[in-house]
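Below: the structure, in structure tokens.
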There are 2 protein chains.
Amino acid sequence: MNIGTAARQSGLPPKTIRYYEDIGLLTADRAANGYRDYSDEDVHRLRFVQRSRSLGFSVEECRQLLSLYTDRHRASADVKAIATEKLAEIDRKIAELTGLREMLGHLVENCHGDARPDCPIIDGLSGKTRDH
Amino acid sequence: MNIGTAARQSGLPPKTIRYYEDIGLLTADRAANGYRDYSDEDVHRLRFVQRSRSLGFSVEECRQLLSLYTDRHRASADVKAIATEKLAEIDRKIAELTGLREMLGHLVENCHGDARPDCPIIDGLSGKTRDH
DNA sequence: ACTTGAGCTTCCAGCGGCTGGAACCCTTAT
DNA sequence: ATAAGGGTTCCAGCCGCTGGAAGCTCAAGT
């Protein structure tokens with residue numbers, strides 16, 4: 001199948017698929033006319049990458065996962081190690097964002113938001129107020 | 001004061017400060033020897049940007065905030081609008097990450113993580129299991 | 001006076017992960 | 001015959017820095 005069909009079936013734009021081939025993540029066969037030719041298995045792999053990316057794995061991690069995916073003899077512990085590390089990373093990001101949210105939320109709450117020029121948000125950002 | 005001192009006082013690396021000047025976010029005077037020369041007010045602005053960036057505002061948003069910061073007659077509503085939009089964005093990100101965390105967490109929980117090759121994480125990523 | 005080292009200057013290149021665009025080829029339908 | 005809608009390549013740019021090279025200036029030590 002052509003790249004467009006593979007794109008539709010995997011949920012990845014054609015450009016991205018070509019990019020993945022460029023960086024050697026996933027290669028496809030070529031048809032006689034020079035078009036890339038994708039098998040169902042190729043599409044599986046593309047979708048695998050699509051899911052992994054959307055779960056926050058980097059392309060390099062996808063490369064690892066993909067080789068673990070293809071290797072029928074790998075230990076599940078290997079996979080779990082990568083996923084667990086990624087989980088910790090997600091937790092860190094959530095914590096960080098939650099902190100941000102709280103801080104910015106306080107600033108917004110305290111800003112009357114009218115035509116007057118005095119603004120706690122600007123004051124907060126400029127360090128004028130010592131909050132909490 | 002020189003860029004290094006301004007860097008220490010603002011919490012931004014010198015490289016970043018030069019970059020900000022490059023893109024016209026913050027310009028500094030020049031001393032006779034060609035060195036950048038920062039006033040205390042410049043440092044205030046740098047720190048303002050540093051805080052805004054660390055709160056998740058993009059550089060372009062910082063440019064807006066900075067002009068609102070400098071403009072003594074702007075309405076606090078203008079600032080609040082930007083901050084509120086950013087707050088919504090942070091909330092969206094948190095929600096997305098929380099979703100990810102949950103999904104990946106399930107996968108990790110169900111993976112025994114030993115030497116055997118069967119692995120629910122890989123199965124989940126490849127779409128083999130229809131969960132919930 | 002000379003040297004050393006730190007800090008400053010500029011400019012150019014690269015990171016990750018695409019994405020847009022130009023210029024061209026191939027296929028299919030009208 | 002031709003037009004539309006694929007496909008192909010390659011080059012450039014996005015954001016927000018960051019590293020490195022090559023060359024200046026300055027302060028301190030000998």
Side-chain angles (χ1 to χ4, degrees), chain A residues 1-39 42-43 45-66 82 86 89-90 93 96-97 100, chain B residues 1-39 42-43 45-66 86 89-90 93 96 100:
Chain A
M1 90 190 62
N2 283 347
I3 198 170
T5 315
R8 250 163 278 129
Q9 290 189 18
S10 65
L12 289 168
K15 277 262 180 190
T16 302
I17 298 178
R18 288 194 198 100
Y19 168 72
Y20 286 164
E21 185 169 324
D22 251 30
I23 61 169
L25 187 61
L26 275 170
T27 53
D29 286 346
R30 294 294 177 135
N33 57 9
Y35 286 17
R36 286 172 183 80
D37 186 22
Y38 294 86
S39 68
D42 289 331
V43 172
R45 269 195 274 267
L46 285 170
R47 213 161 41 206
F48 180 86
V49 171
Q50 190 275 320
R51 280 162 192 265
S52 306
R53 289 286 300 126
S54 81
L55 274 174
F57 291 97
S58 75
V59 166
E60 279 321 297
E61 283 160 342
C62 287
R63 204 191 293 273
Q64 284 180 61
L65 286 172
L66 210 46
I82 297 179
K86 185 52 59 174
E89 205 177 298
I90 292 175
K93 273 188 199 160
E96 191 190 356
L97 278 177
L100 289 190
Chain B
M1 90 190 64
N2 283 346
I3 198 170
T5 315
R8 251 163 276 128
Q9 291 189 17
S10 65
L12 288 168
K15 278 262 180 190
T16 301
I17 298 179
R18 288 194 199 100
Y19 169 72
Y20 286 164
E21 186 169 322
D22 251 30
I23 61 170
L25 186 62
L26 276 169
T27 53
D29 287 346
R30 294 294 177 134
N33 57 9
Y35 285 18
R36 286 172 183 80
D37 186 21
Y38 293 86
S39 68
D42 289 332
V43 172
R45 269 195 275 266
L46 285 170
R47 214 161 41 207
F48 180 86
V49 172
Q50 191 275 320
R51 280 161 192 265
S52 306
R53 289 287 300 127
S54 80
L55 273 175
F57 291 96
S58 75
V59 167
E60 280 320 297
E61 283 161 342
C62 287
R63 203 190 292 274
Q64 285 180 59
L65 286 172
L66 211 45
K86 184 52 60 174
E89 204 176 298
I90 291 174
K93 273 189 198 159
E96 190 189 359
L100 289 191

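Below, chain A is the first sequence line, B the second, and so on; all start at residue 1. These figures come from a predicted structure and were not determined experimentally.
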Taking Asp22(B) for its side chain and Tyr19(B) for its backbone only, find out whether a donor-acceptor pair lies under 3.5 Å. no
Correct closest heavy-atom pair for Tyr20(B) and Val49(B) would be CE1-CG1, 3.7 Å
What are the residues of residues 22-39 of chain B, sorted by number, that bring a heavy atom to within less than 4.0 Å of DNA chain D? Asn33(B), Tyr35(B)
What is the distance from atom CG of Leu25(A) to atom CZ of Arg45(A), rounded to the nearest 0.5 Å? 10.5 Å
Quiz: residues 1-16 of chain A side-chain donor-acceptor pairs under 3.5 angstrom, not counting sequence neighbours:
{"unit_1": "Ser10(A)", "atom_1": "OG", "unit_2": "Ala6(A)", "atom_2": "O", "d": "2.8"}
{"unit_1": "Ser10(A)", "atom_1": "OG", "unit_2": "Ala7(A)", "atom_2": "O", "d": "3.4"}
{"unit_1": "Ser10(A)", "atom_1": "OG", "unit_2": "Leu12(A)", "atom_2": "N", "d": "3.4"}

Looking at CG of Asp42(A) and CZ of Arg36(A), how far apart are the two atoms once the value is rounded to the nearest 0.5 Å? 12.0 Å
In whole angstroms, how far is the P atom of dC25(C) from the CG atom of Asn2(A)? 18 Å
Rounded to whole Å, please give me the gap between CZ in Arg8(A) and C1' in dG6(D). 10 Å
Rounded to the nearest 0.5 Å, how far does CZ of Arg63(A) lie from CG of Leu26(A)? 9.5 Å
How about Arg51(B) and Arg47(B): do any of their side-chain heavy atoms sit closer than 4.5 Å? yes
Can you tell me if Glu96(A) has over 12 outside heavy atoms packed within less than 6.0 Å of its CD? no
Summarise how protein sits on nucleotides 13-20 of chain C as a single string, 5' to 3': B when a protein heavy atom is under 4.0 Å from the base, S for sugar-phosphate-only contact, - for no contact. ----BBSB
Would you kindly give the CD1-to-P distance between Ile3(B) and dC26(D), to the nearest whole Å? 16 Å
Rounding to a whole Å, what distance do you find between Glu21(B):CD and dT18(D):C1'? 17 Å
